2 protein chains.
Amino acid sequence: MAIGDWTEKFQGTKALPRLVRDRLLNVAQIRHYAKGQQVFGPENLPDSLLFLFDGTIRVSQTSDNGRDIVLYRVDAGESCVLTTACMLTEEAYNAEGVAESDITVIVLPKLAFDRLVAEEPAFRSFVFAAYSRRLIDLLRVVDDVAFGRIDVRLADRLLTLAGGDKEIAATHQQIASELGTAREVISRVLHDFQKRELIAQSRGRITITNKPALRGLADSD
Amino acid sequence: MAIGDWTEKFQGTKALPRLVRDRLLNVAQIRHYAKGQQVFGPENLPDSLLFLFDGTIRVSQTSDNGRDIVLYRVDAGESCVLTTACMLTEEAYNAEGVAESDITVIVLPKLAFDRLVAEEPAFRSFVFAAYSRRLIDLLRVVDDVAFGRIDVRLADRLLTLAGGDKEIAATHQQIASELGTAREVISRVLHDFQKRELIAQSRGRITITNKPALRGLADSD
DNA sequence: GCGCTTAAGTGACAATATCACTGAACCGCC
DNA sequence: GGCGGTTCAGTGATATTGTCACTTAAGCGC
């Protein structure tokens with residue numbers, strides 16, 4: 001993908017102005033990851049900062065007994081501030097980022113990052129906004145996990161995963177890992193959804209048959 | 001409290017150098033809150049940045065049905081970055097900060113904040129470290145709530161609340177609000193702890209009688 | 001000592017998690 | 001096509017946690 005295309009990617013409300021983008025390009029490298037590859041993790045601490053150019057990264061946390069929960073996703077045009085946090089604190093944590101599709105990232109060495117932050121107000125704002133966004137994302141996760149009902153959370157997640165479509169290609173285990181619960185729980189709730197004719201199921205595939213009702217359930221709490 | 005004392009407060013690994021502190025003092029105001037007062041919240045969005053000089057702030061989140069959970073505490077010498085996040089994003093969230101003791105805060109207007117961040121590398125590092133620290137704190141909360149057992153979390157929290165002491169002055173409801181659960185749950189688990197002779201209870205007061213065993217339980221997961 | 005208020009205890013039940021399985025669908029191979 | 005292995009999904013039993021509707025007890029002011 002051509003470097004000139006970056007312009008489009010970082011457009012929008014939280015975008016970087018052209019000048020800053022151009023400076024970024026001068027000092028940054030491009031790196032590719034294949035779908036499923038780990039971008040960072042407890043055993044794989046980054047020494048640079050990542051900006052996602054193309055694709056999405058799924059950031060999740062794994063518990064001691066092997067269960068997962070998705071914290072948030074990094075989309076094209078966003079930065080992955082957890083890598084920054086990782087560099088600044090010595091504390092251990094067990095979050096990891098996995099490429100959810102083939103991705104292209106801009107790798108910015110720490111020194112270059114420091115200089116850009118110091119010299120470019122727009123870049124600084126971008127970074128602060130990214131941090132803030134993730135903090136808010138995590139507040140939402142805490143709220144969901146601590147206080148949310150699993151059927152509501154599942155309905156919400158199904159709609160998100162489906163996007164504009166009606167079909168979702170995912171196993172029960174994968175969805176359980178999204179929500180930080182066990183497969184059996186997801187199986188039972190999906191079975192219930194099926195009985196209520198909100199969805200249809202086949203192996204590894206879920207079809208939303210009554211999107212308005214599902215949305216009503218997702219918004220009901 | 002004299003301004004000269006700030007020097008001590010902001011010492012330590014994450015401290016601000018004297019020069020930066022002095023600049024901070026030139027543009028900042030001092031404000032006091034009494035114990036129990038709300039420092040910020042959904043209805044009380046700050047237009048400035050807060051640095052805590054003295055006391056502690058408890059930052060918690062409230063669910064739609066009234067249950068609370070403590071996200072983290074801001075101690076003297078730290079900054080409250082959630083207020084920053086609040087200013088930078090329009091998204092609504094339901095976190096609030098309450099003075100846990102009488103507190104003294106340094107209030108830094110946004111413009112002054114921007115200038116300090118731009119001009120003082122040490123201040124910039126301080127702010128980034130604060131953000132990172134909170135992100136890590138929230139990861140821990142997510143992990144606890146999603147995967148932790150309530151007895152383990154309670155044991156851990158009792159030890160934290162006790163500090164070096166053996167006595168805790170707190171109602172079951174207050175502890176439940178720390179952990180994001182219901183009072184009845186805390187009552188039952190504490191009753192169990194009592195039967196196992198880890199603690200003794202009276203109204204509004206818990207005494208740790210077997211700290212090593214309690215710590216063993218807290219670390220057991 | 002008498003009410004009032006708040007803290008804590010309790011039983012019944014609902015929701016979610018865990019464990020140990022069974023059955024069903026897909027895949028590659030002969 | 002049929003067979004065997006692998007992954008995915010279903011299910012019952014049981015444990016943990018959350019919810020509801022109370023009761024009981026402790027402190028406090030008068």
Side-chain angles (χ1 to χ4, degrees), chain A residues 36 62-69 142-158 161 167-196 199-207 217 220-221, chain B residues 36 61-69 141-158 161 167-196 199-207 217 220-221:
Chain A
T62 304
S63 79
D64 294 334
N65 55 338
R67 256 165 58 198
D68 282 357
I69 185 169
V142 170
D143 194 82
D144 282 357
V145 172
F147 308 123
R149 291 178 53 89
I150 195 69
D151 53 352
V152 174
R153 294 175 60 210
L154 177 55
D156 184 67
R157 196 57 64 109
L158 287 179
L161 290 174
E167 291 252 325
I168 301 163
T171 66
H172 294 186
Q173 179 59 65
Q174 286 170 334
I175 297 172
S177 293
E178 291 269 332
L179 299 179
T181 184
R183 179 193 58 79
E184 297 93 314
V185 173
I186 296 299
S187 289
R188 278 192 256 260
V189 178
L190 281 178
H191 198 79
D192 177 56
F193 284 2
Q194 197 174 20
K195 273 196 291 193
R196 290 155 70 184
I199 62 165
Q201 289 191 82
S202 63
R203 186 189 170 95
R205 180 167 307 279
I206 296 164
T207 310
L217 179 57
S220 72
D221 196 82
Chain B
Q61 199 174 27
T62 304
S63 79
D64 293 336
N65 56 338
R67 255 166 57 198
D68 282 356
I69 185 169
V141 173
V142 169
D143 193 83
D144 282 357
V145 172
F147 308 124
R149 291 178 54 88
I150 195 68
D151 52 352
V152 175
R153 294 175 60 210
L154 177 55
D156 184 68
R157 195 57 64 110
L158 287 179
L161 290 175
E167 291 253 326
I168 301 163
T171 67
H172 294 186
Q173 179 58 65
Q174 285 170 333
I175 297 172
S177 292
E178 291 269 332
L179 299 178
T181 184
R183 178 193 58 80
E184 297 93 317
V185 174
I186 297 299
S187 289
R188 278 192 260 260
V189 179
L190 282 179
H191 199 79
D192 178 55
F193 283 4
Q194 197 175 20
K195 274 195 291 192
R196 292 156 68 184
I199 62 164
Q201 289 191 80
S202 63
R203 184 189 172 94
R205 180 169 307 278
I206 295 164
T207 310
L217 179 57
S220 73
D221 197 83

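Within every chain, numbering begins at 1; the chains are lettered A, B, ... in the order of the sequence lines, protein sequences first and strands thereafter. Here the structure is a predicted model, which is why all the values come from computation and not from measurement.
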On the nucleotide D/dT7, are OP1 or OP2 found under 4.0 Å from the side-chain N or O atoms that A/His172 carries? no

A/Ser187 vs D/dA9: side-chain N/O to OP1/OP2 distance below 4.0 Å: no

If I take atom [atom1] in residue [X] and atom [atom2] in nucleotide [N], what distance separates them, rounded to the nearest angstrom?
X: B/Phe193; N: C/dA8; atom1: CZ; atom2: C1'; result: 17 Å
X: B/Asp144; N: D/dT17; atom1: CG; atom2: P; result: 13 Å
X: A/Ile186; N: D/dC8; atom1: CD1; atom2: C1'; result: 14 Å
X: A/Gln194; N: D/dG10; atom1: CD; atom2: C1'; result: 11 Å
X: B/Leu190; N: C/dA8; atom1: CG; atom2: P; result: 9 Å
X: B/Asp192; N: C/dA8; atom1: CG; atom2: P; result: 17 Å
X: B/Lys195; N: C/dT10; atom1: NZ; atom2: C1'; result: 12 Å
X: B/Asp151; N: D/dA15; atom1: CG; atom2: C1'; result: 12 Å

Between the protein and nucleotides 25-27 of chain C, which nitrogen or oxygen pairs come in under 3.5 angstrom?
unit_1: C/dA25; atom_1: N3; unit_2: A/Arg203; atom_2: NH1; d: 3.1

Give each protein N/O atom lying under 3.5 Å from an N/O atom of nucleotides 18-20 of chain D, with the pair distance.
unit_1: D/dG18; atom_1: OP2; unit_2: B/Thr181; atom_2: OG1; d: 2.5
unit_1: D/dG18; atom_1: O3'; unit_2: B/Arg67; atom_2: NH1; d: 3.3
unit_1: D/dT19; atom_1: OP1; unit_2: B/Arg67; atom_2: NH1; d: 3.1
unit_1: D/dT19; atom_1: OP2; unit_2: B/Arg67; atom_2: NH1; d: 2.2
unit_1: D/dT19; atom_1: O4; unit_2: B/Arg188; atom_2: NH2; d: 2.7
unit_1: D/dC20; atom_1: N4; unit_2: B/Glu184; atom_2: OE2; d: 3.1

Side-chain (A/Arg157) to main-chain (A/Leu179) donor-acceptor, under 3.5 angstrom: no

Please report the shortest heavy-atom distance between [X] and [Y], naming the atom on each side.
X: B/Ile69; Y: A/Phe147; value: CG2-CZ, 3.7 Å
X: A/Ala146; Y: B/Val145; value: CA-CG1, 3.5 Å
X: B/Asp143; Y: A/Thr62; value: OD1-O, 4.1 Å
X: B/Gln201; Y: B/Gln194; value: NE2-OE1, 3.3 Å

Name every donor-acceptor pair, under 3.5 Å, that has one atom in a side chain of residues 180-189 of chain A and the other anywhere in the protein, sequence neighbours excluded.
unit_1: A/Ser187; atom_1: OG; unit_2: A/His172; atom_2: ND1; d: 2.8
unit_1: A/Ser187; atom_1: OG; unit_2: A/Arg183; atom_2: O; d: 3.3

Are the side chains of [X] and [Y] in touch, meaning some heavy atoms are under 4.5 Å apart?
X: B/Ile175; Y: B/Leu158; result: yes
X: B/Leu154; Y: B/Phe193; result: yes
X: B/Asp151; Y: B/Asp192; result: no

Which listed nucleotide (C/dG9, D/dT16, D/dA9) is nearest to the side chain of B/Arg183? C/dG9

